[in-house]
*Asks:* 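First the structure, which I've put down as structure tokens, then a few questions once you've had a look.
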Amino acid sequence: MPELPEVETVVRDLRPQLKGRRITSVQVSGLSLRKPWSPGWQDELVGKKMLTVERRGKWIIVRLDTGQHFVLHLGMSGQLTVVNAGEPLQNHVHLILGLNGGKRQLRFRDIRRFGTATLFTDADELECFFTSSKLGPEPFELDADYWKQRLHQADRSLKAILLDQRVVAGVGNIYADESLFQARLQPARLGRDVDDTEANSLRRAVVTVLHRAIERRGSSIRNYIGGRGQRGDYQHEFRVYGRTGEPCPRCRAPIERIRLAGRSTHSCPDCQPPLRIRRRGS
DNA sequence: ATAGGCGCCTGCTGGC
DNA sequence: TGCCAGCAGGCGCCTA
């Protein structure tokens with residue numbers, strides 16, 4: 001579920017609530033997330049103070065005063081909120097951190113349990129983790145030449161490239177489709193077949209779409225909520241995602257849905273033609 | 001190197 | 001009404 005804009009929203013919501021707070025208790029549901037809990041790490045959190053809350057791709061990173069890094073991924077249905085301890089406990093809450101004497105709680109709710117939570121001993125170990133998973137650059141810091149090169153050397157669809165966290169971190173199914181529409185590029189086009197102008201246009205489209213989605217606090221289709229429990233609003237601005245059969249906002253042609261890179265993919269058959277339109281003769 | 005399939009989970013929707 | 005297939009903001013593993 002959550003892609004970069006949703007994770008960014010959660011991080012911005014949580015930061016003022018967690019920064020400088022001490023973890024006074026830890027409770028777990030007993031059900032493991034995507035990876036089984038490693039024994040004992042929950043207890044290790046107790047007594048630690050949280051210094052910073054940052055985002056990298058779709059990862060949430062909480063730095064502790066011991067130099068340890070508590071790292072979370074929301075998977076498809078993860079929700080991370082800070083609430084008063086008296087708030088009724090929802091189902092599917094798998095981790096509760098008591099804050100400042102237990103008046104407040106950080107709760108990790110994850111219906112499908114595809115999320116993860118890991119404690120890294122220090123910054124180096126975290127860096128190793130990102131390096132070994134080859135996590136790519138943030139979309140807002142994409143170097144134009146790097147991007148062109150990654151596209152041109154890839155013998156696969158633009159959709160698959162956008163979804164590959166090693167090429168660029170944070171883009172998921174919604175924002176891949178919306179970015180390709182914005183750039184007027186067919187999702188099935190191969191990376192090696194786009195020219196420099198198209199590559200640049202896609203790079204800028206990703207940035208524009210993600211910025212706007214962050215402004216709207218992300219997209220809430222079913223489960224997503226921010227760190228204060230509110231839904232996002234960007235789903236009202238989808239131009240192709242989930243709009244199969246509806247008229248294209250630019251040209252009124254019905255939006256098509258195909259399966260690409262194993263995911264539902266939405267595009268306009270006219271605005272995003274399979275081949276470049278030849279202009280003016282030749 | 002790439003695609004495709006599956007598995008990990010729960011919940012919702014639509015068709016019969 | 002119930003049942004069942006198919007679908008869902010992710011990702012890692014396997015095979016061809």
*Asks:* Ignoring hydrogens and angles, are the base of B:dA3 and the side chain of A:R156 linked by a donor-acceptor pair under 3.5 Å?
*Replies:*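 Looking at the base of B:dA3, it does not pair with any donor or acceptor on the side chain of A:R156 (distance under 3.5 Å).
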*Asks:* Please state the P separation for the pair B:dC6 and C:dA5 - nearest whole angstrom.
*Replies:* 15 Å
*Asks:* Hey, can you tell me if A:F130 and A:W59 have their rings parallel, tilted or perpendicular (30° and 60° cut-offs)?
*Replies:* perpendicular
*Asks:* Round to the nearest Å and state the distance from A:R222 atom CZ to B:dT10 atom C1'.
*Replies:* 12 Å
*Asks:* With sugar-phosphate meaning primed atoms plus P, OP1 and OP2, does A:G172 contact a base, only sugar-phosphate, or nothing at under 4.0 Å between heavy atoms?
*Replies:* sugar-phosphate
*Asks:* Should C:dC7 form a Watson-Crick or G-U wobble pair with both distances under 3.5 Å, which nucleotide is its partner?
*Replies:*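 Paired with C:dC7, as far as the under-3.5 Å criterion goes, is B:dG11.
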*Asks:* Heavy atoms under 4.0 Å, any strand shown: does A:R192 hit a base, just sugar-phosphate, or nothing?
*Replies:*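 No contact.
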*Asks:* Would you say the side chain of A:R112 and the base of B:dC9 hold a donor-acceptor pair, judged only by whether the two atoms sit under 3.5 Å apart?
*Replies:*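 A donor-acceptor contact between them is present.
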*Asks:* Indicate, with a heavy-atom threshold strictly under 4.0 Å, whether A:Y241 touches base, sugar-phosphate, or nothing.
*Replies:* sugar-phosphate
*Asks:* Answer with yes or no after comparing the ring centroid distance for A:H211 and A:F140 against a 6.0 Å cut-off, counting only values under it.
*Replies:* yes
*Asks:* ring-ring contact (aromatic ring centres under 6.0 Å, His included) with A:Y234: which of A:Y224, A:Y241, A:Y175?
*Replies:*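 Going through A:Y224, A:Y241, A:Y175 one by one, the ring-ring contact (aromatic ring centres under 6.0 Å, His included) with A:Y234 is satisfied by A:Y175 alone.
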*Asks:* Quick test of the criterion, 5.5 Å between centres and less than 30° between planes. Is A:F114 stacked on C:dC11 or not?
*Replies:*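 It does not: the ring fails the test against the base of C:dC11.
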*Asks:* Say we look at B:dC9 and C:dG2: how far apart would their P atoms be, to the nearest angstrom?
*Replies:* 28 Å
*Asks:* Mind checking A:S220 for me? I need base, sugar-phosphate or nothing, with any heavy atom below 4.0 Å counting as a touch.
*Replies:*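 Here A:S220 touches the bases of the nucleic acid.
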*Asks:* Give me the distance, rounded to whole Å, that separates B:dG4 from C:dC7 when you measure between the P atoms they each carry.
*Replies:*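 Between the two P atoms, the distance is 15 Å.
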*Asks:* Hey, does A:R166 reach any base, or is it just sugar-phosphate, or nothing, if we go heavy atoms under 4.0 Å?
*Replies:*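 Nothing, no heavy atom under 4.0 Å.
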*Asks:* Indicate, with yes or no, if A:L151 and A:L163 share a hydrophobic cluster defined by side-chain heavy-atom contacts under 4.5 Å among Ile, Leu, Val, Met, Phe, Trp and Tyr.
*Replies:* no
*Asks:* Return the 5'-most residue of the pair A:I221, A:K35 with respect to DNA chain C, ranking by each residue's nearest nucleotide.
*Replies:*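 So the residue in question is A:I221.
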